[in-house]
Amino acid sequence: MNSTPTADQTCEAAVPPAVRKCSYAEAIGQGLAQAMELSDRVCVLGQLVDYKPGVFGTTTGLVEKFGPDRVQDFAVAESAMTAAAIGAAIAGMRPVLIHHRLDFMLYSMDAIVNWLSLWRFKSNNASALPVVIRAIVGKGWGQGPQHSKSLHAWFAHLPGLRVAVPATAFDAKGLLLESIFGEDPAIIIEHRSLFGLSDNVPSRPYRVRYGKAVVRRKGKHVTLVAIGIMVPLALRAAVQLAAQSIDVEVIDLRTVSPLDIDSVCESVAKTGRLVVADPAWCTGSVAAEVIAAVCEREGRNLKANPGRVCLPDSHTPMSSALEEAYYPNEDSIVNRIVTQFQ
Amino acid sequence: MNSTPTADQTCEAAVPPAVRKCSYAEAIGQGLAQAMELSDRVCVLGQLVDYKPGVFGTTTGLVEKFGPDRVQDFAVAESAMTAAAIGAAIAGMRPVLIHHRLDFMLYSMDAIVNWLSLWRFKSNNASALPVVIRAIVGKGWGQGPQHSKSLHAWFAHLPGLRVAVPATAFDAKGLLLESIFGEDPAIIIEHRSLFGLSDNVPSRPYRVRYGKAVVRRKGKHVTLVAIGIMVPLALRAAVQLAAQSIDVEVIDLRTVSPLDIDSVCESVAKTGRLVVADPAWCTGSVAAEVIAAVCEREGRNLKANPGRVCLPDSHTPMSSALEEAYYPNEDSIVNRIVTQFQ
Amino acid sequence: MTIINHQTILEAGRYRELSLNGADPVVVARLHRFMLRLRRCEEALAREYHPADEMRCPVHFCIGQEAVPAALSESLTQDDYLFSHHRSHGYFLAKGAPMRAMFAEIYGKETGANGGKAGSQDISYAALNFFSGAILAGATAIAAGAALGFQLRNERRAVVAGFGESATDEGIFWETVNYAALRRLPLVLVCENNNYSVFSPMSKRQAVETVSDKVAAFGMKSVTLFGNDVIKVHAAIADAVEAARSGKGPTFIEAYTYRWSGHYGPESDDLVGYRSQAELDAWKANCPIALLEEALTAQDWLSTAQKTEMLHAIDSEIEESFSFAKTSPFPRDVDWAQMNLSNRSPLADKLLMDIDLDVFDENQTFVQAKGY
Amino acid sequence: MTIINHQTILEAGRYRELSLNGADPVVVARLHRFMLRLRRCEEALAREYHPADEMRCPVHFCIGQEAVPAALSESLTQDDYLFSHHRSHGYFLAKGAPMRAMFAEIYGKETGANGGKAGSQDISYAALNFFSGAILAGATAIAAGAALGFQLRNERRAVVAGFGESATDEGIFWETVNYAALRRLPLVLVCENNNYSVFSPMSKRQAVETVSDKVAAFGMKSVTLFGNDVIKVHAAIADAVEAARSGKGPTFIEAYTYRWSGHYGPESDDLVGYRSQAELDAWKANCPIALLEEALTAQDWLSTAQKTEMLHAIDSEIEESFSFAKTSPFPRDVDWAQMNLSNRSPLADKLLMDIDLDVFDENQTFVQAKGY
Ligand SMILES: Cc1ncc(C[n+]2csc(CCOP(=O)(O)OP(=O)(O)O)c2C)c(N)n1
Ligand SMILES: Cc1ncc(C[n+]2csc(CCOP(=O)(O)OP(=O)(O)O)c2C)c(N)n1
Ligand SMILES: [Mg+2]
Ligand SMILES: [Mg+2]
């Protein structure tokens with residue numbers, strides 16, 4: 001319809017023709033564009049989705065291709081926006097909602113909890129809501145307490161939702177497509193700091209399944225489970241630890257609901273050690289769930305007490321000096337793992 | 001001001017003059033009335049708080065004593081109501097909000113998360129919000145999916161809140177008063193099924209501290225941690241298990257934020273076994289947090305894998321037949337504990 | 001009455017304006033039968049509720065508020081969508097959903113509209129595009145979303161949300177009004193203003209008397225009327241539904257009416273003292289069914305014999321529905337996972353490739369690079 | 001202009017109605033100085049923001065929108081409460097809070113208004129009853145709550161919330177308007193309508209052009225005005241504050257104005273193409289400071305020398321604030337628990353008994369009874 005390049009076209013071509021090097025943000029944009037091409041039932045709702053900056057580049061170019069009805073700027077009314085997506089899904093659409101910050105979603109919690117999550121259940125499986133909510137989590141440059149919350153533990157606690165926390169561009173696109181064309185509501189938590197990272201991304205539309213963790217690095221001595229932004233930190237920590245002859249198996253959970261506890265248990269059965277790195281407040285975190293679920297099955301076989309690397313139970317400070325103390329880094333992971341061998 | 005009896009006066013006198021047998025609901029009513037007498041800063045906001053039925057009897061008689069400004073019926077606008085309480089607290093009041101069902105609170109989640117929980121933090125301790133939110137959780141007689149959620153795990157995950165789940169009339173009054181006259185926001189989850197239970201309640205205003213669990217029954221073989229409505233079930237299960245020569249130590253957590261992990265660990269250090277009974281969805285529950293926190297410290301010392309007795313990861317069905325399958329009972333607890341000894 | 005609100009209606013006393021002039025007798029007969037059927041159904045449920053204690057389900061009765069559901073039953077086709085609040089029975093029947101499925105649902109039986117999972121206040125019947133929910137106001141915004149869906153796809157359908165006036169206390173209702181007006185959605189918002197949120201009257205909850213004036217200020221067409229005149233209500237709803245279907249945008253209808261029973265359950269709650277006997281009596285004198293029957297009789301459109309026969313048929317259906325509900329089995333499926341998430345993904349299966357994960361290279365530079 | 005909105009203001013071109021007739025020269029001088037100080041302060045922050053990259057804090061500049069904060073600074077006493085949205089600097093200074101504390105906060109320093117925890121969009125100064133927050137609309141309802149608190153205690157204070165027009169997209173705003181009108185709260189809602197929510201104009205978000213008309217329909221007094229005429233804005237705000245203090249109820253003020261800078265940060269975002277250069281130019285021609293200075297000069301109330309001197313003093317304060325902020329230490333307290341919950345409970349200590357828990361009897365009948 002016009003000449004604005006789509007995310008797909010802007011990706012720089014890589015060696016195998018079917019795979020291109022893309023950033024996490026580009027991969028999401030590609031996924032959205034392909035979903036909208038595959039089905040005219042797919043629409044995008046969110047503040048400012050139809051302007052050039054396109055939610056950190058993830059919706060840039062869509063309005064030119066699909067028009068302002070299907071790429072719909074929304075008033076600052078997150079509550080009605082979410083309910084509208086629910087209604088649109090009842091009417092047969094497959095809406096994708098976007099929040100620049102997860103924090104803004106809090107206004108829509110009634111729609112999410114009391115309607116979205118329980119619609120299928122209370123209809124006795126007669127009505128489904130394939131609504132996708134993309135929620136972005138800020139970090140750094142003084143995001144402060146109202147632009148940085150990663151509430152994936154909340155959504156994982158709720159029945160009736162699928163919850164993904166993709167850590168790579170590959171997963172970001174594959175989980176987005178899987179969510180859009182799945183039959184359940186899905187919440188995708190995207191850590192803003194990952195948007196610039198590149199990865200090999202297949203050009204065609206593909207799926208990444210919910211409830212299937214992936215081993216990002218094989219190892220024998222300790223199982224390090226990581227979520228979202230903690231995945232690259234975990235891989236870096238693993239390199240550091242290899243130098244100390246600690247062989248770390250890194251598991252990326254990918255989705256926190258459903259949780260792939262089987263894969264974690266399998267790894268722990270081999271390593272006998274478990275550390276979970278979760279970019280969320282420690283108390284009541286998904287990390288706690290992973291540890292509890294593993295201990296219920298493998299607790300007696302552990303060679304060391306399990307451990308967590310999480311954020312402190314505190315709101316996020318603005319000051320860069322405090323941010324540094326607040327966010328765990330790869331050294332935090334290294335240190336936690338090292339104590340298991342002392 | 002008029003002759004309607006207060007909750008206090010309606011309690012039936014018991015043996016020691018300072019202690020009366022009161023129902024859980026009466027104890028709450030007593031706590032509210034005493035708080036309002038102790039300080040004219042205390043006010044009550046909620047739908048229908050000023051009518052005779054008085055939120056299951058807990059506010060009956062208050063409006064006659066303290067007038068419709070301090071006992072204020074509110075429009076069906078939970079979002080503004082919660083924000084109004086926050087503002088009133090900034091202006092020096094100590095408001096108590098009441099929700100007939102916790103589910104209705106979902107409309108106010110922005111106010112709770114983005115304002116209430118982080119106000120002290122972002123003001124750098126210069127401004128505090130002593131707001132108390134009483135949220136009632138329904139169970140039975142077909143409450144169904146929109147009148148039965150107990151989201152204490154959510155609130156426990158949030159920094160900056162105190163969260164209580166009182167199981168006895170004594171705790172209901174003491175924690176309410178502690179919350180009202182404390183310096184932090186507090187959410188009190190009240191299980192509706194407990195309202196009719198009686199207990200010995202001191203007539204004078206007293207406090208029950210946050211973060212202090214209590215051993216409800218001493219035992220040597222297994223530590224059974226229980227929350228809210230699970231406490232009486234746990235005590236009944238303990239009696240059954242005693243008959244099987246399993247000596248159960250029952251710990252009532254009382255508050256889930258702060259969590260008294262020290263007390264649990266102390267008990268587990270003695271018994272070597274841990275089961276947590278939590279009236280909430282299993283995944284991401286406070287039960288998971290308790291198990292994880294204990295295992296981080298005592299995991300290697302456990303004689304059996306720890307266990308949970310929770311609700312299934314499902315919304316609540318209306319049908320009485322499904323309710324029966326849905327809610328765990330004392331037999332569920334007994335069975336879970338018995339497996340630890342097999 | 002020029003200005004219509006609870007006060008002017010009470011002051012006017014017995015309503016004298018119901019007119020069958022120009023009305024289609026067949027339509028009027030259906031409106032009448034619908035109201036009668038709904039009334040008998042509710043009365044029967046109320047009678048049966050406690051003595052047997054078999055339902056074990058919270059129920060909100062709509063006795064006295066039959067006109068709006070009747071008008072909807074006449075104006076909506078199967079293709080249209082209807083969203084109800086907690087006081088759902090009239091709306092359920094308005095969409096043509098079967099009474100027996102409703103009764104069985106209230107009894108928590110497997111044969112219920114939702115297999116016993118939803119009960120009275122969350123009942124739905126997806127095959128006929130009927131939905132409800134116990135949380136106030138939420139369904140108004142969801143209805144707007146459904147209307148958006150049909151607008152995006154140019155489908156000629158109306159979406160209706162029916163609710164009580166307390167839904168308009170909620171902010172999401174006003175977000176919805178704005179959104180529907182802005183996009184000219186094919187939406188009809190029908191507010192049954194019975195003045196009370198449980199016990200609490202409008203005057204304790206809202207600063208101005210009528211909701212319609214506020215809605216109009218938001219840029220949506222709004223209509224205020226006496227909600228027990230089923231002829232007027234039907235005309236207004238039919239117009240609004242037609243406007244929605246034909247792309248003329250949304251309408252808000254405020255129908256003033258009154259609940260005879262207690263807020264919840266079969267018992268009266270008048271002992272609470274929130275409303276006067278005189279008020280209740282005045283509204284009973286303006287019973288929507290009696291008002292219509294008076295006009296019907298005056299026109300000779302309804303004989304005693306006809307009514308007797310009608311009642312007989314209705315009562316048989318009710319009896320049959322009770323026996324269906326009572327003899328149906330309780331649900332026994334307790335595979336909780338299956339109830340909350342789908343185990344199939346037909347569209348994803350069709351459209352998306354399964355790609356092997358081997359493509360991920362843990363040593364690629366970004367993973368090992370610092371700085372984010 | 002009779003009807004005031006963004007279109008009529010643009011059509012009217014250069015504003016010619018600012019009048020000093022009857023104005024108090026001392027007050028006018030203070031309004032002028034406040035605007036100038038705020039403008040210089042924002043310009044200096046914008047200049048310093050990127051080259052140094054020391055602030056590392058999201059900042060929303062209010063250049064072009066100085067009139068409302070100036071009017072507030074003149075109308076509010078220390079006892080009054082002021083709640084701001086994310087574009088907070090003008091409001092912070094309006095409450096008399098020190099510039100150096102603001103700068104240090106933006107730099108994330110220990111000496112900042114909130115020890116570096118809040119930053120620009122969540123800054124507060126509790127000692128002077130000033131608060132803000134980055135989540136849109138929330139603070140309007142909180143302000144209503146503060147007003148409730150003072151109403152309950154019969155304290156003669158006004159509570160003001162300042163916010164942009166997109167806060168009125170949110171439902172909670174309308175819940176607040178209704179509540180404040182219903183209870184006649186001592187509240188002033190000041191909406192700086194600059195037409196945009198980031199890039200999105202009102203016309204894409206709301207169905208009707210002015211917010212005031214809707215607020216009026218909700219039963220609250222509402223005033224619409226050209227927001228760059230500081231004299232008119234001051235008169236309206238002073239009246240509203242006085243009405244609030246004296247129990248005459250709440251007022252909504254819609255002040256039409258315009259943001260010169262990009263939505264966020266010091267860079268222009270005009271390349272996005274969401275607004276025209278002509279529109280920006282027209283509003284720059286209606287600069288609130290220039291409009292006032294024109295009138296002041298015409299009346300001989302301001303000489304070049306006076307202005308130079310004023311600027312000199314302002315710039316020294318700004319320079320001093322920068323050097324304070326830059327030389328202050330970063331916070332080092334990382335006792336997270338202490339930051340989120342109190343470790344003291346003076347009132348509970350005073351009023352409540354500590355009672356031993358032994359009173360609990362695990363064998364009492366209820367615990368062992370079945371049936372709940
Ligand atoms: C969000 C929310 N808050 C509170 C309730 C509790 N509640 C159930 S029905 C009701 C009153 C509803 O009044 P209205 O909407 O006017 O409908 P009516 O019952 O009068 O038909 C209330 C407050 C609820 N269901 N949802
Ligand atoms: C609830 C919520 N949704 C979205 C945002 C993101 N956001 C920050 S500022 C802004 C625009 C605000 O516009 P307006 O309220 O008119 O104030 P202005 O920036 O024009 O001064 C938006 C959408 C937010 N802060 N809060
Ligand atoms: Mg009503
Ligand atoms: Mg604006």
Side-chain angles (χ1 to χ4, degrees), chain B residues 19 38-40 43 69-70 75 77 79-80 83-93 110-111 114-115 118 120-128 140 159-160 162 168 170 174 177-178 181-184 193-194 196-200 202 204-207 214 216-217 232 235-236 239 250 258, chain D residues 81 83 113-118 122 124-127 131 133 135 138-153 155 159 171-172 175-176 178-179 182 336 338-342 344-348 350-355 357 359-362 364-368 370 372:
Chain B
V19 172
L38 284 169
S39 163
D40 58 11
C43 61
D69 279 348
R70 286 181 65 199
S79 184
I86 292 172
I90 292 167
M93 301 297 288
D110 179 72
N114 282 326
W115 299 93
L118 52 70
R120 168 187 293 281
F121 174 82
K122 77 176 190 178
S123 80
N124 202 23
N125 270 320
S127 184
R162 296 183 184 274
T168 67
F170 177 91
L177 285 166
E178 175 76 358
F181 295 116
E183 303 303 321
D184 292 308
S193 319
L194 295 169
L197 301 185
S198 292
D199 193 7
N200 291 317
R204 289 187 44 192
Y206 63 96
R207 69 199 300 184
V214 61
R216 292 279 180 216
R217 177 190 173 106
L235 288 167
R236 287 193 224 151
V239 171
V250 177
Chain D
Y81 277 61
F83 292 85
N114 309 107
K117 296 207 178 66
D122 283 287
S124 61
Y125 207 87
F131 304 97
I135 299 295
T140 61
I142 291 175
L148 169 69
F150 299 127
Q151 184 184 64
L152 290 180
R153 294 214 306 278
E155 290 187 19
V159 180
I172 191 173
E175 294 181 3
T176 301
N178 176 56
Y179 182 60
L182 177 70
W336 303 109
Q338 299 285 329
M339 300 178 190
N340 291 274
L341 290 174
S342 170
R344 303 177 331 112
S345 54
L347 204 57
K350 200 176 97 185
L351 299 174
L352 306 178
M353 289 200 313
D354 262 301
I355 293 194
L357 294 165
V359 293
F360 183 78
D361 165 18
E362 61 153 294
Q364 65 186 277
T365 28
F366 87 77
V367 178
Q368 301 300 333
K370 293 260 171 192
Y372 54 87

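What you see is a predicted model, and the numbers here were worked out from it, not measured in a lab. Chain letters run A, B, ... following the sequence lines, proteins first and then strands; every chain starts at 1.
Top candidate by heavy-atom pairs under 4.5 Å with chain D, chosen from B:I86, B:D69, B:L38, is B:D69. Counting heavy-atom pairs closer than 4.5 Å to chain B, the top-ranked of the candidates D:S124, D:G138, D:G171 is D:G138. Per-residue counts of heavy-atom pairs under 4.5 Å with chain B were compared for D:L351, D:L148, D:T140, D:L341; the largest is that of D:L341. The candidate with the highest count of non-hydrogen atom pairs below 4.5 Å against chain D, out of B:A80, B:C43, B:G140, B:S123, is B:A80.
Smallest separation of non-hydrogen atoms from D:G149 and B:M93: CA-CG, 3.8 Å. In terms of heavy-atom proximity, D:F131 sits nearest to B:S127 at CE2-OG, 3.8 Å.
Residue D:L152 touches chain B through its side chain alone, counting heavy-atom pairs closer than 4.5 Å. Using a 4.5 Å cut-off between heavy atoms, D:A141 touches chain B through backbone and side chain atoms alike. Neither the backbone nor the side chain of D:Y125 comes within less than 4.5 Å of any heavy atom of chain B. In this structure, chain B has heavy atoms under 4.5 Å from both the backbone and the side chain of D:A139. Using a 4.5 Å cut-off between heavy atoms, B:A126 touches chain D through backbone and side chain atoms alike. For D:R153, the part sitting under 4.5 Å from any heavy atom of chain B is the side chain, from C-beta outward, and nothing else. Heavy atoms closer than 4.5 Å to chain B are found in both the backbone and the side chain of D:I135.
The backbone N or O of D:S342 lies less than 3.5 Å from a partner atom in the side chain of B:D184, making a donor-acceptor pair. Using a distance-only test at 3.5 Å, with no hydrogens or angles considered, a donor-acceptor pair links the side chain of B:N125 to the main chain of D:Q338.
Scored by the salt bridge (Lys or Arg N to Asp or Glu O under 4.0 Å) test, B:D40 finds no partners at all (sequence neighbours excluded).
Rounded to the nearest 0.5 angstrom, B:R207 CZ and D:D354 CG are separated by 5.5 Å.
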